[in-house]
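Here's the structure, in structure tokens; my notes come after.
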Amino acid sequence: MDIKRHIIIKLESALKSLGIDAGQIILERPKDESHGDISTNAAMMYAKKENKNPREFAQSVIEKLFVPDEYVTKVTIAGPGFINFFISDNYYKVKLKEIISSSFLYGRLETNKGKTANIEWVSANPTGPLHAGHGRHISLGKAIANLLEWSGYKVTREYYYNNAGQQMESLAKSVYARYRQIFEPDYQFPSDGYAGEYIYEIANLLEKEHGDKLIDSDNTIFKQAGENWCFKSIRQTLHRLGITHEVFFNESSLYDSGKINETLDEFKKRSLSYEKDGAVWLKTSELIKDKKDAEDKVIVKATGEPTYRMPDMAYHIDKIKRGYNLIVDVFGSDHGDTYREVLAGVQGLGYDTSKIKVIIHQMVTFVQEGKPVKMSKRSDNVYYLDDLLDDVGVDVAQFFFVMRSANTHLEFDVELAREQSEKNPVFYLQYAHARICGILRNANEAFPDYKNSANVNYSLLNNAEEISLLKILSVFPDVVASACSAYEPHKIITYLNEVAENYHKFYHNHRVINADEKELSYARLKLCEASKTVLKNGFDIIGISAPERM
RNA sequence: GCGCCCAUAGCUCAAUCGGAUAGAGCGGCAGCCUUCUAAGCUGCAGGUUACAGGUUCGAUUCCUGUUGGGCGUGCCA
């Protein structure tokens with residue numbers, strides 16, 4: 001039973017009997033209770049086309065709706081011409097049964113069932129551990145991947161791995177220098193080297209294993225040791241956050257398979273590239289249409305080496321060819337320009353880029369006592385993601401990173417995040433869950449036969465707090481749908497806050513377990529179970545745990 | 001200079017393809033624990049949605065301009 005569908009069908013047939021072939025009808029959940037449970041602006045939309053007074057037109061629509069019926073108790077016209085539907089409490093009790101029986105599946109959608117999605121994110125180069133600033137990117141991607149899964153996609157999580165180029169040479173030189181300094185403290189550290197403390201650690205490992213035998217070795221072993229250490233570090237941090245990528249796509253494979261040259265040839269063939277100053281340029285100024293004053297970009301340097309755009313384009317072509325229904329890229333705002341170039345190039349070669357969705361998120365500032373701080377525990381003055389996770393905990397970090405809309409700058413209050421108190425917004429939600437778990441534990445003792453009770457009298461749930469809790473629980477699937485289509489997991493958090501608020505109010509006003517009123521207790525316990533389900537499922541999407549005790 | 005993004009309560013942020021009286025948390029003030037978790041609940045105060053125009057039944061949302069901030073603007077990735 002889907003009430004929205006029910007109402008849409010009624011509206012469509014009402015409009016039809018007025019001679020209007022309705023296109024899309026938009027239903028909303030009004031903010032104000034007095035405006036009913038569901039409202040539509042359809043009358044205003046079509047009145048305009050028909051050149052009629054919206055309120056009068058709404059009235060003629062209502063006359064054709066044939067309400068009240070089993071689930072719709074009342075329909076009113078309000079404001080400039082909204083049609084407001086009031087839904088019977090009985091409907092929500094049917095919903096409650098559904099929530100209980102769906103359990104961990106409640107909120108999972110079929111919208112994208114049978115479709116595949118690829119999401120690529122993190123993709124940090126193996127030149128050092130992840131730092132705190134990476135956190136937003138990582139947590140956001142994790143939550144979006146979860147959202148896609150909840151909407152029905154079969155999701156492939158992918159990491160674009162780049163262990164080539166200047167950066168790796170620099171890493172090798174850095175490791176070598178630290179290694180050699182063990183024996184020759186005055187040995188010069190390269191000016192463009194990685195100053196991080198972890199380089200010492202890698203060097204020490206090499207010394208432990210090989211002594212001084214590597215002094216005359218070439219870069220290879222240092223590069224390998226550095227890469228291995230860094231990549232292991234990255235994966236360990238990701239593991240702490242519960243992230244596993246199914247695919248690590250190695251950039252170098254694009255060279256090995258000849259795809260870079262292939263792509264380059266295609267550009268030439270289509271006259272989308274030209275040579276100038278010894279380099280090859282892509283005509284991005286012509287290819288990019290939605291940005292003013294776009295300039296041409298170099299894709300092959302005068303040295304003969306492709307710039308990063310080349311493999312990026314070949315990579316996207318590869319992903320397109322793999323046939324996903326959706327390809328998601330997550331980028332920080334510092335990559336805001338380059339993705340346009342890459343997509344424009346790919347599109348220029350005739351590929352359909354409409355399936356590629358690029359999520360751009362703004363940067364993070366870590367704040368303490370109201371001031372932006374460079375948090376560092378080490379000599380290299382870097383606040384690593386592991387340090388942040390140690391400081392505030394994995395759940396809190398994940399929550400804070402996903403809490404806000406991605407396209408606005410995020411202020412991460414480390415002080416607040418560290419606080420294990422009611423001030424911390426994570427605990428408000430988790431506390432509601434733990435509270436429910438406590439009650440359910442008590443119920444097992446108070447009513448040993450509760451678990452086996454088949455017939456629960458839901459009609460006993462009649463208080464204002466019970467009804468509004470039921471109503472909020474019933475819209476969870478809609479919230480998942482809207483969060484997913486907008487790629488905005490923070491919408492889930494906003495919603496869960498409403499759930500927790502309604503639950504706490506219910507809890508505060510009504511006692512659940514009461515030996516004298518067994519029937520009522522059972523009904524309320526079901527309401528608790530449903531609340532727990534919604535909270536738990538929501539936590540799963542945003543990627544935090546659901547504690548049973550706090 | 002140019003491009004992209006942003007500007008909402010003292011602070012951090014929401015606001016359903018443009019909807020009805022712009023909402024939460026924190027901070028401030030005032031209350032509620034002999035009953036299932038007080039990490040909770042209740043009440044009060046706090047706004048010209050940066051500014052100026054425009055579009056329309058209706059604008060925080062769309063358009064133009066101005067101001068202020070973030071990020072780009074490498075033959076780095």
Side-chain angles (χ1 to χ4, degrees), chain A residues 24 26-32 34-35 39 41 44 47-48 53-55 78-82 84 123 125 127 162 165-167 251 276-281 290-295 297-309 311-312 332-338 340 360-363 365 367 370 403-405 407-413 416 419-432 434-443 446 475 478-479 482 485-486 490-491 493-494 497-498 500-501 503-505 507-514 521 524 528 549-550:
Chain A
Q24 205 189 359
I26 296 166
L27 299 184
E28 288 177 329
R29 181 164 64 106
K31 292 176 213 160
D32 188 334
S34 68
H35 295 141
S39 79
N41 60 0
M44 291 176 325
K48 194 173 184 179
N53 175 294
R55 285 192 66 110
F82 288 101
N84 296 332
S123 302
N125 297 330
T127 56
N162 178 5
Q166 209 53 46
Q167 43 163 9
E251 187 197 72
K276 193 180 86 178
D277 304 330
V280 181
W281 297 69
D290 63 337
K291 182 186 162 184
K292 296 174 205 166
D293 302 326
E295 292 166 352
K297 295 288 173 185
V298 169
I299 49 175
V300 182
K301 303 184 220 173
T303 59
E305 290 175 293
T307 63
Y308 65 92
R309 294 183 188 88
D312 265 12
S333 66
D334 51 342
H335 287 250
D337 277 346
T338 64
R340 289 166 197 275
I360 297 284
H361 61 85
Q362 302 300 310
M363 295 297 168
T365 315
V367 176
M403 183 165 56
R404 305 303 184 199
S405 150
N407 62 3
T408 159
H409 188 94
L410 175 67
E411 194 152 303
F412 193 118
D413 188 335
L416 176 64
E419 192 142 359
Q420 303 272 322
S421 78
E422 77 281 355
K423 289 181 192 169
N424 196 321
V426 189
F427 296 120
Y428 184 72
L429 301 186
Q430 292 189 321
Y431 182 64
R435 202 175 221 183
I436 295 170
C437 290
I439 291 174
L440 294 175
R441 280 193 298 271
N442 294 339
V475 299
D478 297 333
V479 174
S482 107
S485 61
H490 79 273
K491 286 182 192 292
I493 290 181
T494 309
N497 261 308
E498 256 185 282
E501 185 188 332
Y503 184 80
H504 286 311
K505 275 182 193 167
Y507 170 88
H508 187 259
N509 286 293
H510 306 288
R511 201 181 155 77
V512 176
I513 297 172
N514 187 340
S521 296
R524 286 183 175 161
C528 290
R549 296 169 201 271
M550 284 174 77

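So you know, we letter chains A, B, ... as the sequences are listed, proteins then strands, and number each from 1. The basis for the numbers below is simple: all heavy atoms, side chains too, and nothing from hydrogens, waters or symmetry mates.
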Inset, instruction - Report the stems of RNA chain B as range-with-range entries sorted by first number; a stem here is at least three consecutive pairs, Watson-Crick or G-U wobble, both distances under 3.5 Å, and write none if there are none. - result: B:1-7 with B:67-73, B:10-13 with B:23-26, B:28-32 with B:40-44, B:50-54 with B:62-66
Using the [atom1] atom in both, what is the distance from [N] to [M], to the nearest Å?
N	M	atom1	result
C2(B)	G47(B)	C1'	35 Å
U12(B)	A30(B)	P	26 Å
U16(B)	U34(B)	C1'	46 Å
G19(B)	U64(B)	C1'	24 Å
A15(B)	C33(B)	C1'	35 Å

Would you say the side chain of [Y] lies within less than 4.5 Å of the side chain of [X], judging by non-hydrogen atoms?
X	Y	result
Y308(A)	N162(A)	no
R549(A)	C437(A)	no
H361(A)	L410(A)	no
Y431(A)	E422(A)	no

Assign [X] to base, sugar-phosphate, or nothing according to its heavy-atom contacts below 4.0 angstrom with the strands shown.
X	answer
H490(A)	sugar-phosphate
T303(A)	nothing
D312(A)	nothing
N84(A)	base
P54(A)	nothing
M403(A)	nothing

Keeping [X] on the side-chain end and [Y] on the backbone end, is there a donor-acceptor pair under 3.5 Å?
X	Y	result
R511(A)	S521(A)	no
T338(A)	H335(A)	yes
D32(A)	S34(A)	yes

Legend entry - T307(A)/K301(A) under side-chain contact (heavy atoms from CB on, under 4.5 Å): CA gap, chis, key distance, verdict: CA-CA 7 Å; T307(A) 63; K301(A) 303 184 220 173; 3.8 Å; yes
Inset, instruction - Specify the residue among A302(A) and S482(A) whose closest nucleotide of RNA chain B lies further upstream toward the 5′ end. - result: S482(A)
Inset, instruction - Tell me which of F82(A) and S333(A) sits closer to the 5' end of RNA chain B, going by the nucleotide each one is nearest to. - result: F82(A)
Specify the separation, in whole Å, of atom [atom1] of [X] and atom [atom2] of [N].
X	N	atom1	atom2	result
L410(A)	C13(B)	CG	C1'	10 Å
K491(A)	G23(B)	NZ	P	17 Å
M363(A)	G69(B)	CE	C1'	15 Å
D32(A)	G19(B)	CG	C1'	13 Å
M44(A)	G18(B)	CE	P	13 Å
K276(A)	G74(B)	NZ	P	12 Å
E419(A)	G25(B)	CD	P	17 Å
K31(A)	G19(B)	NZ	P	7 Å

Legend entry - R435(A) NZ/CZ over Y503(A) ring centroid, <6.0 Å and within 45° of normal: no
Inset, instruction - Mark up nucleotides 33-39 of chain B, 5' to 3', with B wherever a protein heavy atom is under 4.0 angstrom from a base atom, S wherever such an atom reaches only the sugar-phosphate, and - elsewhere. - result: --BBBSB
Legend entry - Sugar-phosphate or base contact per nucleotide [nucleotides 1-7 of chain B; S, B, -; heavy atom under 4.0 Å]: -SSSSS-
Legend entry - Chi-based syn or anti call at C33(B), which uses purine or pyrimidine torsion atoms and a 90° bound: syn
Inset, instruction - Could you pull out the closest heavy-atom pair between I360(A) and G336(A), with the gap in Å? - result: CD1-CA, 4.1 Å
Legend entry - Nearest non-hydrogen partners of H504(A) and Y428(A), listed with the distance: NE2-O, 3.5 Å
Legend entry - Side chain D334(A) and base A77(B) donor-acceptor under 3.5 Å: no
Legend entry - base_contact_polar (A20(B) base, S39(A) side chain, donor-acceptor, <3.5 Å): yes
Legend entry - Step-by-step side-chain contact (heavy atoms from CB on, under 4.5 Å) determination, N41(A) to F82(A): CA-CA 5 Å; N41(A) 60 0; F82(A) 288 101; 4.2 Å; yes
Legend entry - Over 12 foreign heavy atoms within 6.0 Å of CD, E419(A): yes
Inset, instruction - Would you please confirm or rule out a distance under 4.0 Å between OP1 or OP2 of U42(B) and any side-chain N or O of K505(A)? - result: yes
